[in-house]
Undergrad: 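Take this structure, written in structure tokens, and hold onto it; I'll ask about it next.
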Amino acid sequence: MKLKHGAATLVLGVQYGDEGKGKLVDVLAEQAELVCRVQGGNNAGHTIWVNGEKIVTQLLPSGILRENCEIGIGAGVVVDPFVLRDEIKKIKSQGYDITPERLHVDYRASVILPYHKNMDLKRELERSKNTTKIGTTGRGIGPTYASRAYREGPRIAEIASPENFKNWLKANPYLAEGLEGKLLDEFLETAELLRPYMKDLAMIANNRLSQGARVLLEGAQGAMLDVSFGTYPYVTSSNLVAGSCAGGLGIPPWKISSILGVIKAYSTRVGNGPYPAELSGPFADELRKRGHEFGTNTGRPRSVGWLDLVALRYLAKINGLTGLAIMKADVLAGIEHIGLITNYNDKRTNKEMNGYPMTQNAWDNVEPVIEFMDGWENVAVGSNLNKNYKAFVKKIEEFIDVPSAYISTGAERSEGIWLA
Ligand code: IMP
Ligand code: MG
């Protein structure tokens, strides 16, 4: 796929996160001048394989490995300064150049404080007593977005000057909880270290677009975890759908020229909440092992299941997908029959569910209808897709009415076929 000059391309997860967006962004970033994160924080985790070396990022966009492009952390992101400091250091030690000329962190991104992390863990502990635990990543994401909504949490702009930040804490003393003494000193030193990266990224992005740059927006998590359109309340705390992404950076929506939805050929979910596709038993264990389906971030085993075409068709519309990227079909190689969820029945009536589930109760009553297709030994030989796999891709395309653009055939950045 050729990225368009003077336009933005959006890469979105349309399952529950961990679809392989990181790899796709890394591949596309070869052509880009600017790559930006627009929501979430270090709850995300991207794994990219380059010449057998595993590179993991949480906060930095996957474009970081392409030295041809600038990278940005947009106003819609929540930033843990310690995590950003450590990640810059780690990626630098792996041989990649990160300078204030290359990395821009928007002044308006919200800051994760120890208070937010503690609050995240505390609330989860409370919820676990009455079985409503969300299974968050414990990184303070939800409380930080809540602080923003309360208009009390500091942003990058507020930590840019130690005086400002101290005054901010004086005005909102509860936010200083856990940030005293040595840790406060370390926090202020970290803010100082990060200061050269703090910019008006929104204006930089708009200027670059006017100059004809190709901009990539790297979505976080997946649309099933969107705070409005996901399986609420078992979701993350930001909007993830396409319509919100321009706002997470500060560019006009009409500058986005294509919206690539990323899926795996099967599905995974980490954390709690409805997951009608879920499989269990030895087959699920095997699939989890083959796909290395353990959280990049937290190491938690992911639940695994078949690809859910009902949810995907719904999300393709909500997000206006212009193309699909299908990842990890190689993980399914050798499995005789591959399942696809093609309908939702209602456990209460034994009939087709009436409309897309809107409540948790409705989700809990989804009985998935699974169709099976013949599997494949190899996804492709050279650039020729296996016949059965081709039929699988066609089935998805027709079901959701979106053409596929990219087929990943392995973990390395070189392993993939562009169809558009
Ligand atoms: P939070 O974003 O840490 O508040 O977690 C809320 C929910 O989103 C939990 O189910 C997490 O497991 C899930 N989640 C958050 N970030 C990711 C991600 O990058 N990949 C997959 N799941 C995620
Ligand atoms: Mg991930």
Side-chain angles (χ1 to χ4, degrees), residues 11-26 37-49 54-62 76-80 83 87 110 112 116-128 131-149 218-241 248 262-264 266-275 277-278 288 291-305 327-328 360 363 411:
V11 174
L12 284 181
V14 273
Q15 292 170 316
Y16 301 89
D18 305 315
E19 297 90 352
K21 298 176 291 291
K23 175 188 167 179
L24 188 69
V25 169
D26 170 66
R37 283 280 305 269
V38 294
Q39 76 275 100
N42 62 314
N43 48 351
H46 311 292
T47 309
I48 305 158
W49 287 92
K54 181 178 174 181
I55 294 164
V56 176
T57 65
Q58 297 181 1
L59 193 50
L60 293 169
S62 307
V77 178
V78 290
V79 177
D80 184 326
V83 171
E87 202 167 302
S110 284
I112 302 177
H116 297 117
K117 277 200 288 193
N118 292 338
M119 186 56 81
D120 196 358
L121 299 173
K122 222 159 86 185
R123 294 188 76 100
E124 282 284 89
L125 192 67
E126 278 162 22
R127 287 193 198 103
S128 65
T131 69
T132 58
K133 187 173 169 190
I134 292 171
T136 70
T137 58
R139 304 295 149 96
I141 306 297
T144 306
Y145 279 116
S147 271
R148 173 189 282 190
E218 175 172 357
Q221 290 85 47
M224 290 297 276
L225 295 174
D226 179 281
V227 67
S228 305
F229 297 99
T231 53
Y232 188 89
Y234 296 95
V235 292
T236 191
S237 300
S238 54
N239 277 114
L240 309 168
V241 291
V262 188
I263 58 167
K264 282 193 275 219
Y266 53 100
S267 68
T268 59
R269 171 165 199 157
V270 59
N272 300 332
Y275 184 30
E278 182 168 5
R288 183 178 306 112
H292 308 288
E293 299 295 356
F294 297 87
T296 338
N297 218 328
T298 55
R300 293 182 290 178
R302 298 173 183 149
S303 304
V304 298
M327 319 301 280
K328 293 184 98 166
Q360 216 215 305
W363 276 113

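First listed ligand is number 1; within each ligand, the first listed atom is number 1.
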Undergrad: Which of the numbered atoms in ligand 1 are under 4.0 angstrom from any heavy atom belonging to Gly135?
TA: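 Those of ligand 1 that fall under 4.0 Å from Gly135 are 9 (C), 10 (O), 11 (C), 12 (O).
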
Undergrad: Say whether, by atom type as modelled, one donor and one acceptor occur between the side chain of Lys117 and the main chain of Pro143 under 3.5 angstrom.
TA: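 Side chain of Lys117 to backbone of Pro143: no pair is present.
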
Undergrad: What atoms in ligand 1 come closer than 4.0 Å to a heavy atom of Ala44?
TA: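 This gives 19 (O) as the contact atoms.
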
Undergrad: Look only at the side chain of Asn42 and the backbone of Gln58, and say whether a donor-acceptor pair between them is shorter than 3.5 Å.
TA: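 Side chain of Asn42 to backbone of Gln58: no pair is present.
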
Undergrad: If I compare all heavy atoms of Gln360 with all of Pro274, which pair ends up nearest, and what's the gap?
TA: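 Of all heavy-atom pairs spanning Gln360 and Pro274, the closest is CG-CG, 4.3 Å.
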
Undergrad: Which residue and non-hydrogen atom of the protein lie closest to atom 3 (O) of ligand 1, and at what distance in Å?
TA: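 It is Thr137 OG1, 2.6 Å.
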
Undergrad: Check contact between Gln221 and ligand 1, using heavy atoms of the residue and a distance below 4.0 angstrom.
TA: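 Gln221 counts as a contact of ligand 1 under the 4.0 Å cut-off.
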
Undergrad: Only counting residues at least two apart or in another chain, list the ones meeting ring-ring contact (aromatic ring centres under 6.0 Å, His included) with Tyr275.
TA: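 Applying ring-ring contact (aromatic ring centres under 6.0 Å, His included) to Tyr275 gives Tyr16.
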
Undergrad: Do we see a donor-acceptor contact under 3.5 Å between the side chains of Thr137 and Arg139?
TA: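 No, Arg139 and Thr137 have no side-chain donor paired with an acceptor closer than 3.5 Å.
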
Undergrad: How far apart are the closest heavy atoms of Asn43 and Asn297, and which atoms are they?
TA: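 The answer is O-ND2, 3.0 Å.
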
Undergrad: With a heavy-atom distance limit of 4.0 Å, tell me whether Arg300 approaches ligand 1 through its side chain, its backbone, both, or neither.
TA: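 Within the 4.0 Å criterion, Arg300 contacts ligand 1 through side-chain atoms alone.
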
Undergrad: Any nitrogen or oxygen of Arg269, main chain or side chain, under 3.5 Å from a nitrogen or oxygen of ligand 1?
TA: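 There is no such contact.
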
Undergrad: Charged N to carboxylate O under 4.0 angstrom, Glu126 versus Arg123?
TA: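 Not counted as a salt bridge, because no side-chain N and carboxylate O are separated by less than 4.0 Å.
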
Undergrad: So for ligand 1, is Val270 a polar contact partner (N or O within less than 3.5 Å, distance only)?
TA: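 Yes, since at least one N or O of Val270 sits under 3.5 Å from an N or O of ligand 1.
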
Undergrad: Tell me, which protein residue and heavy-atom name are nearest atom 21 (C) of ligand 1, and how many Å apart are they?
TA: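 The closest one turns out to be Asp18 OD2, 3.0 Å.
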
Undergrad: Among Lys328, Arg288, Arg300, Arg269, find the one that has a salt bridge (Lys or Arg N to Asp or Glu O under 4.0 Å) with Glu293.
TA: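 Going through Lys328, Arg288, Arg300, Arg269 one by one, the salt bridge (Lys or Arg N to Asp or Glu O under 4.0 Å) with Glu293 is satisfied by Lys328 alone.
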
Undergrad: Does a side-chain N-to-carboxylate-O contact under 4.0 Å join Asp18 and Arg302?
TA: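 Judged by the 4.0 Å cut-off on N to carboxylate O distance, Asp18 and Arg302 do form a salt bridge.
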
Undergrad: Do any nitrogen or oxygen atoms of Thr136 come within less than 3.5 Å of a nitrogen or oxygen of ligand 1?
TA: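 Looking only at distances, the answer is no, because the N/O contact criterion of under 3.5 Å is not met.
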
Undergrad: Could you tell me whether a side-chain N or O of Asp226 sits under 3.5 Å from a main-chain N or O of Ser228, the two making a donor and an acceptor?
TA: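 Yes, the answer is positive, given that a donor and an acceptor are paired below the 3.5 Å cut-off.
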
Undergrad: Would you confirm whether Gln15, through its side chain, and Thr268, through its main-chain N or O, come within 3.5 Å as a donor-acceptor pair?
TA: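 No; zero donor-acceptor contacts below 3.5 Å.
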
Undergrad: With respect to Asn272, determine whether any N or O atom, backbone or side chain, lies less than 3.5 Å from an N or O atom of ligand 1.
TA: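 By distance alone, the answer is no.
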
Undergrad: On a heavy-atom basis, I'd like to know which of Asn42, Val227, Leu225 is closest to atom 13 (C) of ligand 1.
TA: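 Result: the heavy atom closest to atom 13 (C) of ligand 1 is in Leu225.
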
Undergrad: Would you mind listing which atoms of ligand 1 come within a distance below 4.0 Å of any non-hydrogen atom of Gly271?
TA: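 The atoms of ligand 1 under 4.0 Å from a heavy atom of Gly271 are 10 (O), 12 (O).
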
Undergrad: Decide whether an N or O pair under 3.5 Å exists between Thr236 and ligand 1.
TA: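 In this structure, Thr236 places an N or O atom under 3.5 Å from an N or O of ligand 1.
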
Undergrad: Using heavy atoms and a threshold below 4.0 Å, how should the contact between Val235 and ligand 1 be classified: side chain, backbone, both, or neither?
TA: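 It is the backbone that gets close, since no side chain atom is under 4.0 Å.
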
Undergrad: Can you confirm, on distance only, whether ligand 1 has an N/O atom lying under 3.5 Å from any N/O atom belonging to Ser237?
TA: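 No - when backbone and side-chain N and O of Ser237 are compared with those of ligand 1, no distance drops under 3.5 Å.
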
Undergrad: Which protein atoms of type N, O or S are found under 2.8 Å from the Mg ion (ligand 2)?
TA: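 Result, waters dropped: Asp18 OD1, Gly45 O.
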
Undergrad: For ligand 1, does Tyr16 get within less than 4.0 Å through its side chain, its backbone, both, or neither, judged by non-hydrogen atoms?
TA: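 Within the 4.0 Å criterion, Tyr16 contacts ligand 1 through backbone atoms alone.
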
